[in-house]
Amino acid sequence: MRKNKSLLLSGPYILWMLAFTLIPLCVVLYYALTDVETGKFTLDNMQQLVQYLPAFWRSILYSLIAAVICLVIGYPVAYYMAHCGPVAQKFLYMLVMLPMCMSFLLRTLAWVGILQDTGIINTLLIKLGFPHEPGEPVINLIRTPGAVILGMVYNYLPYMILPLYSVICKIDNRLVEAAEDLGCNGRKVFSKVILPLSMPGILTGMTMVFVPAVSTFYISNKMGSTETILIGDIIERMFKQGDNANMGAALSLLLMVLVFVCTGIINRFGGDEEGSVIV
Amino acid sequence: MKKVNRLITILIFVFLYIPMLVLIVASFSSGKDITEFEGFTFMRYAEVFRDRSLLGLLGNSLLISILASSIATVFGTVASLGIYSLKPRMRKTVMSLTNIPMTNPDIVTGISLSLLFVFVGSKMLHQRNSLTFWTLLIAHVTFNLPYVILNVMPKLQQMDHSLVEAAMDLGCTPVKSFFRVTIHEIMPGIITGAIMAFTMSLDDFVISYFVTGLDFITLPVEIYNYTKKQMQPKIYAMFTMLFLLIFVLMVVMNLLQLRQDKRRKEAKQ
């Protein structure tokens with residue numbers, strides 16, 4: 001009776017998820033292993049992956065840098081939030097959530113407006129009298145790796161702050177007091193008590209920044225140049241402009257495997273902790 | 001130390017909100033570009049209401065996200081009940097299936113679904129247009145479901161199951177005991193899941209971009225098309241209005257919650 005009931009209730013869901021998550025991945029594999037024109041089995045797409053490896057490494061490098069920056073600047077914010085009064089906490093939490101609800105396309109576009117050669121920063125600098133060649137910007141900000149990483153940090157910072165905040169909130173203050181009583185100074189309390197206890201939040205935050213950042217195509221498209229092209233851009237082009245869905249499928253497959261490996265490594269740092277916090 | 005943290009926090013919030021400020025200022029500018037503020041005008045707002053295309057797109061987005069999150073909430077809650085009573089090993093397998101859309105990059109989810117729909121549509125059903133409103137809805141339900149499940153499951157694990165047994169002993173049928181007891185216990189999880197699913201759906205660009213056809217387009221996808229071509233300043237006006245709307249909604253929700261907390265505290269005393 002019990003068995004029948006549980007299968008009756010979960011069966012449709014299991015079928016749905018098989019049909020729309022697992023089978024689609026098999027279809028990706030099928031496309032990756034067939035030829036664009038003839039539709040016959042081929043390993044060509046897989047062999048061609050080698051030429052895209054630089055873009056893969058660049059994506060991983062940029063998004064790891066972005067994730068680390070998010071951690072370094074997000075931690076003090078989360079820590080400060082967790083130690084505010086209840087009303088201030090709710091309000092600050094809302095302020096972190098709010099950008100996540102607004103179109104990330106437009107917010108990225110606003111950064112283009114701020115950073116571009118005729119943009120807000122350069123116009124300001126010219127008005128302040130900084131020397132520049134006519135027709136040239138004072139400083140070159142847009143279309144640099146820095147701009148792409150800035151875009152990633154900006155867009156995914158809330159995904160770092162929120163899990164950190166919820167973990168720091170749960171740290172028992174008595175542990176901090178005990179450490180102080182036993183003679184730890186502020187720095188030692190942080191490194192011996194607070195930091196180890198916030199590890200699950202750090203890992204979740206790193207993963208939640210890294211995964212969307214490594215696969216992004218809009219940020220690098222708008223803020224980057226041809227030299228900062230990321231794997232997401234290449235995949236998007238294969239599907240939307242290049243009409244080579246099969247090559248795109250092979251690239252997506254590799255991206256999926258890489259993300260799987262990288263998040264595995266990130267979570268390894270946490271030892272045998274479960275490491276997943278739902279925000 | 002606290003002063004340093006406060007300073008960093010203020011700077012980060014400035015960093016988070018500067019681009020939005022730029023967009024809001026641009027919505028009142030009569031200049032064509034974000035960067036040049038020429039004169040103050042309400043023209044952009046009038047444009048949003050005069051030509052109804054943007055409102056229509058917003059309507060499309062709302063339609064898909066309300067439909068998808070409602071379906072996912074009901075479907076996911078029912079499924080959670082089933083998953084909860086599965087054998088541990090089976091439950092673990094189903095939960096890792098649930099985690100696939102959460103851990104996969106959006107672009108991979110979008111592409112895999114779009115390839116599936118095209119494959120089934122063109123090779124098996126011989127249709128010319130295999131990406132429609134329905135495929136978009138299926139995709140949204142699929143990535144919404146994990147949010148509901150991952151929020152409802154912990155509540156099911158936390159709740160006191162002797163309550164359900166008591167209800168059954170007192171003559172409730174399983175269905176009745178669900179509506180009388182279980183649903184009240186897991187309600188906070190259902191609500192959080194539904195809200196998360198709705199916001200994810202409303203704001204989703206990447207998955208929709210790959211799965212959407214030509215006949216049904218959502219607002220984020222059309223904004224993307226605009227940013228590729230000539231940008232239309234009326235979009236900034238739309239952004240500003242949505243920003244204010246969401247801001248007010250969030251403040252109201254927070255105030256209501258604070259009041260509720262206060263009342264609960266007073267009731268306890």
Side-chain angles (χ1 to χ4, degrees), chain A residues 2 5-11 13-14 17-18 20-25 27-28 31 73 76-77 79-80 87 90-91 94-95 97-99 101-107 109-111 113-114 118-120 123 154 157 186 211-212 214-215 217 232 235 239 245 248-249 252 255-256 259 263 278, chain B residues 1 4-6 8-9 12-13 15-16 18-20 22-23 33-35 75-76 78-79 81-83 85-86 94 97-98 100-101 103-108 111-113 115-116 119 138 142 145 150-151 174 199 203 205 210 220 223-224 227 231 235 239 242-243 246-247 250-251 254 257-258:
Chain A
R2 181 170 175 255
K5 195 190 102 190
S6 57
L7 266 184
L8 190 73
L9 292 176
S10 64
Y13 170 74
I14 296 173
M17 289 310 264
L18 283 176
F20 298 117
T21 62
L22 211 59
I23 293 177
L25 293 179
V27 177
V28 174
Y31 271 84
I73 63 176
V77 178
Y79 190 84
Y80 180 78
V87 179
K90 276 225 160 76
F91 186 68
M94 187 197 94
L95 283 183
M97 282 277 289
L98 186 56
C101 303
M102 303 307 301
S103 163
F104 89 100
L105 302 168
L106 287 178
R107 290 184 297 124
L109 204 70
W111 273 112
I114 295 171
T118 56
I120 293 169
T123 317
Y154 171 74
L157 184 58
V211 174
V214 79
S215 57
F217 63 90
I235 295 178
F239 277 92
S252 318
L255 175 66
M256 200 176 85
V259 166
T263 49
I278 305 161
Chain B
M1 197 59 205
V4 179
N5 278 347
R6 171 188 257 160
I8 296 175
T9 307
I12 295 301
F13 277 104
F15 170 66
L16 280 178
I18 273 189
M20 298 205 238
V22 169
L23 290 170
D33 203 63
I34 308 187
T35 50
F75 195 7
V78 173
L81 292 171
I83 298 169
S85 48
L86 283 174
V94 177
L97 193 63
T98 305
I100 293 180
T103 47
N104 252 348
D106 279 356
I107 191 171
V108 175
I111 280 165
S112 66
L113 280 167
L115 284 179
L116 173 82
F119 184 80
I138 289 175
T142 305
L145 274 167
L150 291 176
N151 279 296
T199 42
D203 199 37
F205 158 66
F210 286 102
I223 288 178
Y224 179 75
T227 64
M231 196 59 199
I235 288 180
F239 178 90
L242 283 176
F243 177 84
I246 294 176
F247 183 77
M250 279 186 157
V251 169
N254 268 315
Q257 219 180 347
L258 278 173

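Everything numeric in this text was worked out from a predicted model, so none of it was measured. Letters A, B, ... are given to chains in the order of the sequence lines, protein chains preceding strands, and every chain is numbered from 1.
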Does some side-chain heavy atom of [Y] sit less than 4.5 Å from a side-chain heavy atom of [X]?
| X | Y | value |
| --- | --- | --- |
| T123(A) | T118(A) | no |
| S10(A) | L86(B) | yes |
| T263(A) | T103(B) | no |
| L97(B) | I100(B) | yes |

Contacting region of [X] [heavy-atom separation from chain A under 4.5 Å]:
| X | value |
| --- | --- |
| L115(B) | both |
| V251(B) | both |
| F239(B) | both |
| F119(B) | both |
| L242(B) | both |
| V22(B) | side chain |
| F13(B) | side chain |
| T142(B) | both |
| I138(B) | both |

field: Pairing residues for Y80(A) by the side-chain hydrogen bond (donor to acceptor under 3.5 Å, both in side chains) criterion, not counting sequence neighbours
entry: R6(B)
- prompt: With T227(B), which residues qualify under side-chain hydrogen bond (donor to acceptor under 3.5 Å, both in side chains), at least two apart?
  reply: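 T227(B) satisfies side-chain hydrogen bond (donor to acceptor under 3.5 Å, both in side chains) with Y218(A) only.
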Over all heavy atoms of both residues, which pair between [X] and [Y] is shortest? Give the atoms and the distance, please.
| X | Y | value |
| --- | --- | --- |
| S252(A) | F239(A) | OG-CE1, 4.2 Å |
| I107(B) | S215(A) | CG2-CB, 3.7 Å |
| S103(A) | I223(B) | OG-CD1, 4.2 Å |

For chain A, the option from V94(B), L145(B), D106(B) that forms the most heavy-atom pairs under 4.5 Å: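 Sorted descending by pairs with chain A, the first entry is L145(B).
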task: Quick one: which of I235(B), L113(B), I18(B), T199(B) has the most heavy-atom pairs under 4.5 Å with chain A, could you say?
output: L113(B)
message: Regarding T98(B) and Y13(A), do their side chains bring together a donor and an acceptor under 3.5 Å, going by distance alone?
response: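 Yes - a donor-acceptor pair under 3.5 Å links their side chains.
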- prompt: Does the R107(A) side chain pair with the main chain of P99(A), one donor and one acceptor, at a distance under 3.5 Å?
  reply: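 Judged by distance alone, yes, a pair lies under 3.5 Å.
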message: Treating Y154(A) as the side-chain partner and L16(B) as the backbone partner, does any N or O pair qualify as donor plus acceptor under 3.5 Å?
response: yes
Taking every non-hydrogen pair under 4.5 Å, which of [options] racks up the most with chain B?
| options | result |
| --- | --- |
| L95(A), I120(A), I235(A), I114(A) | L95(A) |
| L157(A), L18(A), L106(A) | L106(A) |
| C101(A), A249(A), G11(A) | C101(A) |
| F20(A), F104(A), F91(A) | F20(A) |

At a heavy-atom separation under 4.5 Å, does [X] approach chain B through its side chain, its backbone, both, or neither?
| X | result |
| --- | --- |
| L25(A) | both |
| Y31(A) | side chain |
| P212(A) | neither |
| L105(A) | side chain |
| L98(A) | both |
| V259(A) | side chain |

task: Kindly assign one of parallel, tilted or perpendicular to the pair F205(B) and Y224(B), based on the angle between their ring planes and the thresholds 30° and 60°.
output: tilted
